[in-house]
Amino acid sequence: MDVLTKGVELSEADLALLAELAKGVTVDRVGRRLDISGRTVRRRLRAICDRIGVATAIEAVVWAARRQLI
């Protein structure tokens, strides 16, 4: 299931990635937990940031938290 917020669609996998970062987990550890490479995590994170219109991973986490998605 995807979450739609003001025309922005985030998958459950995107939200799981942001939730792990919100816990303070490093990008490489997020990759290990989600069974993907750190490079893939960074690429997905960049795509999430572009979709929601923010510049950094921290802003993406805050964006999702403020909307109570994570």
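Quick note: numbers below take in every heavy atom, side chains included, and nothing from hydrogens, waters or symmetry partners.
Nearest heavy atom pair, residue V41 against residue G31, reads CG2-CA, 3.5 Å. When all heavy atoms are compared, the tightest approach of A60 to C49 is CB-SG, 4.0 Å.
With sequence neighbours left out, R42 forms a salt bridge (charged side-chain N to carboxylate O under 4.0 Å, His left out) with D28. In terms of the side chain to side chain donor-acceptor pair (under 3.5 Å) criterion, T26 has no residue partners (sequence neighbours excluded).
If you take CG on L10 and CD1 on I52, they are separated by 6.5 Å, rounding to the nearest 0.5 Å.
Neither V62 nor L69 shares a network with the other; the hydrophobic side chains, linked directly or stepwise wherever heavy atoms of I, L, V, M, F, W or Y lie under 4.5 Å apart, form separate groups for each.
With hydrogens and angles disregarded, no donor-acceptor distance shorter than 3.5 Å links the side chain of E20 to the backbone of L17. With R44 contributing its side chain and A13 its backbone, the two residues share a donor-acceptor pair below 3.5 Å.
The closest side-chain heavy-atom distance from I48 to V54 is not below 4.5 Å. At a threshold of 4.5 Å between non-hydrogen side-chain atoms, the residues I70 and W63 do not count as touching. You'll find the side chain of V27 reaches within 4.5 Å of the side chain of L21, heavy atoms only.
Within the structure, salt bridge (charged side-chain N to carboxylate O under 4.0 Å, His left out) contacts touching residues 47-57 (residues at least two apart or in different chains) are D14-R51, R46-D50.
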